[in-house]
Amino acid sequence: MIETSATIPTRDGQMPTWIVHPDEGGPRPLVIFYMDALGIREELRDMCRRIASVGYGVYLPNLYYRAGGPSFDAASLAWGQQDPAMMALNDGLSMAMTVSDGAALLVHARHNAAIRMPAAAIGYCMGGRHALAAAAAFPALIKAMASLHGGRLVSDGDDSPHRLIADSAAEAYFGWAQDDPVAPASHAKTVEAALAARGLPYRLEWHAGAQHGFTFPERFCYHKEAAERVWSRLFDLFRRTLDAVPST
């Protein structure tokens, strides 16, 4: 595979983005990987490599670039601890910011000879709502989206992320952990009602025995069976929505 780094100009600055894709047989459909609150680290790069290994080009943007692009130690969160600096960055990262960033990513990808459209947007933890926002903002290009143990998908406000489902044209997958206080069953019901009302294909799945963050192999909460099931669901989703669709 080919791994490169790019600095992508955005409305707010310069966004470091790590890119990986197969070394032959391109151009490949794009997958935008929206990070969790811990930031960019080798664990995420390895997950992107796994996606690329089955035939996709993956962009991993550092969404914290406005604050210098920090990352945080996963070990410090092993028993529910939360780094105040990390939470401040999570709180301050709006969907409007990441939609603007997504527009810049798509422009860059359009000029990358190794990449083609359509695209998928997938997000983990806080990244789930940002992947959803991207799918809603760019329905002509993003044909698949996934949220894995996504937090804060539902609120009482008019800007609740779940309301963006109506604007998305993407087939959707939502992977829910059975034990997840930031993504409770009431949120899942609200999300599923919005998906059903939209009338497009979707799958919302509960992963028994899993906790928030269960897909991350280096976290205390890793649940191998559930994580591998998620990989299977993602790759099936990509094959249906990206592989057979002519480049746009």
Drop me the distance from Leu237's CG to Ile122's CD1, to the nearest 0.5 angstrom. 9.5 Å
Heavy-atom check, side chain of Leu30 versus side chain of Leu106, under 4.5 Å: yes
same_hphob_cluster(Val58, Val107) at 4.5 Å side-chain heavy-atom cutoff: no
My understanding is that only residues two or more places apart in sequence, or in another chain, count here; which of them pass salt bridge (charged side-chain N to carboxylate O under 4.0 Å, His left out) with Glu192? none
How many angstroms lie between CG in Asp73 and CG in Leu38, if you round to the nearest 0.5 Å? 8.0 Å
Answer yes or no: is there an ion pair linking Arg239 with Asp236, defined by an N-O contact shorter than 4.0 Å? yes
Decide yes or no for Ser186 and Lys189: does some side-chain heavy atom of the first lie under 4.5 Å from some side-chain heavy atom of the second? no
Measure from the side-chain N and O atoms of Thr98 to the backbone N and O of Asp101, and report whether any donor-acceptor pair falls under 3.5 Å. no
ring-ring contact (aromatic ring centres under 6.0 Å, His included) pairs, two or more places apart, involving residues 140-164: His149-His212, His149-Phe214, His149-Phe216
Would you mind listing every salt bridge (charged side-chain N to carboxylate O under 4.0 Å, His left out) that reaches into residues 27-37, with sequence neighbours excluded? Asp36-Arg41
For His108, check ring pair (Phe, Tyr, Trp, His ring centres under 6.0 Å) against everything at least two apart and list the hits. Tyr59
Partners of Glu171 by side chain to side chain donor-acceptor pair (under 3.5 Å), sequence neighbours excluded? Arg240
Please answer whether the main-chain N or O of Ala210 pairs with a side-chain N or O of Gln178 as donor and acceptor at a distance below 3.5 Å. no
Under a 3.5 Å distance rule, please check whether Tyr64 uses its side chain to pair with a backbone N or O of Ala37 as donor and acceptor. yes
Salt bridge (charged side-chain N to carboxylate O under 4.0 Å, His left out) partners of Asp91, counting only residues at least two apart: Arg152
What pairs meet the ring-ring contact (aromatic ring centres under 6.0 Å, His included) rule with one or both residues in residues 2-36, with sequence neighbours excluded? Phe33-Tyr124
Hey, are the side chains of Pro61 and Ile8 touching, using non-hydrogen atoms and a 4.5 Å cut-off? no
Any pair counted as salt bridge (charged side-chain N to carboxylate O under 4.0 Å, His left out), so long as it reaches residues 6-23, sequence neighbours left out: Asp12-Arg66
Let's go through Glu205 and Tyr173 carefully: what are the C-alpha distance in whole Å and the side-chain angles of both, what is the deciding distance for side chain to side chain donor-acceptor pair (under 3.5 Å) to 0.1 Å, and is it a yes or a no? CA-CA 8 Å; Glu205 186 168 33; Tyr173 175 78; 2.6 Å; yes
Specify the closest pair of heavy atoms between Leu200 and Ser168, including all atoms of both residues, with the distance to one decimal. CD1-O, 3.7 Å
Working for side-chain contact (heavy atoms from CB on, under 4.5 Å), residues Val20 and Arg45: CA-CA 9 Å; Val20 59; Arg45 295 188 187 96; over 6 Å; no
Do Arg233 and Arg203 pass the side-chain contact (heavy atoms from CB on, under 4.5 Å) test, and can you show the C-alpha distance, the side-chain angles, and the key distance before you say yes or no? CA-CA 9 Å; Arg233 304 301 190 219; Arg203 183 170 193 160; 3.2 Å; yes
Any chain of hydrophobic side-chain contacts (each under 4.5 Å) joining Leu93 to Val182? no
Is the shortest heavy-atom distance from the side chain of Pro29 to the side chain of Arg116 under 4.5 Å? yes
Less than 4.5 Å apart, side chain to side chain, heavy atoms only: is that true for Phe235 and Arg50? yes
Tightest non-hydrogen contact, residues Arg129 and Gly151, listed as NH1-O, 3.3 Å
Enter the distance from Ser100:OG to Met15:CE here, rounded to the nearest 0.5 Å. 8.5 Å
Who pairs with Tyr222 by ring pair (Phe, Tyr, Trp, His ring centres under 6.0 Å), at least two apart in sequence or on another chain? none
Listed partners of Asp46 passing side chain to side chain donor-acceptor pair (under 3.5 Å), at least two apart: Arg49
Evaluate Asp156 against Ser160 for side-chain contact (heavy atoms from CB on, under 4.5 Å), listing each step before the verdict. CA-CA 7 Å; Asp156 294 331; Ser160 176; over 6 Å; no
Quick one: NZ on Lys143 to CG on Leu242, what's the gap to the nearest 0.5 Å? 10.5 Å
Restricting to non-hydrogen atoms, name the atom on Leu89 and the atom on Pro70 that form the minimum distance, rounded to 0.1 Å. CD1-CG, 3.5 Å
With distance as the sole test, does Ser232 use its side chain to make a donor-acceptor pair with the main-chain N or O of Glu228 at under 3.5 Å? no
Membership question, hydrophobic clusters at under 4.5 Å side-chain separation (ILVMFWY): are Ile2 and Val31 in the same one? no
Would you name the heavy atoms of Cys125 and Gly213 that are closest together and state the gap between them? SG-CA, 4.4 Å
So that I can tick it off, tell me whether Glu225 and Arg229 are bridged by a salt bridge, with the cut-off set at under 4.0 angstrom between side-chain N and carboxylate O. yes
For Glu218, the salt bridge (charged side-chain N to carboxylate O under 4.0 Å, His left out) test, sequence neighbours excluded, returns none
Within a radius of less than 6.0 Å around CD of Glu42, do more than 12 heavy atoms belonging to other residues, nucleotides or ligands occur? yes
Remaining members of hydrophobic cluster (4.5 Å side-chain criterion), Ile165: Met95, Leu132, Met145, Leu153, Val154, Leu164, Phe174, Trp176, Val191, Leu195, Tyr202, Leu204, Trp206
On a heavy-atom basis, which atom in Pro9 and which in Ala104 lie closest, and how many Å separate them? O-CB, 3.4 Å
What is the distance from atom CE of Met1 to atom CD1 of Ile19, rounded to the nearest 0.5 Å? 14.0 Å
The reported gap from CZ in Arg110 to CG in Leu141 (rounded to nearest 0.5 angstrom) is 5.0 Å
For Ala170 and Ala135, the nearest pair of non-hydrogen atoms, with its separation, is CB-CB, 4.3 Å
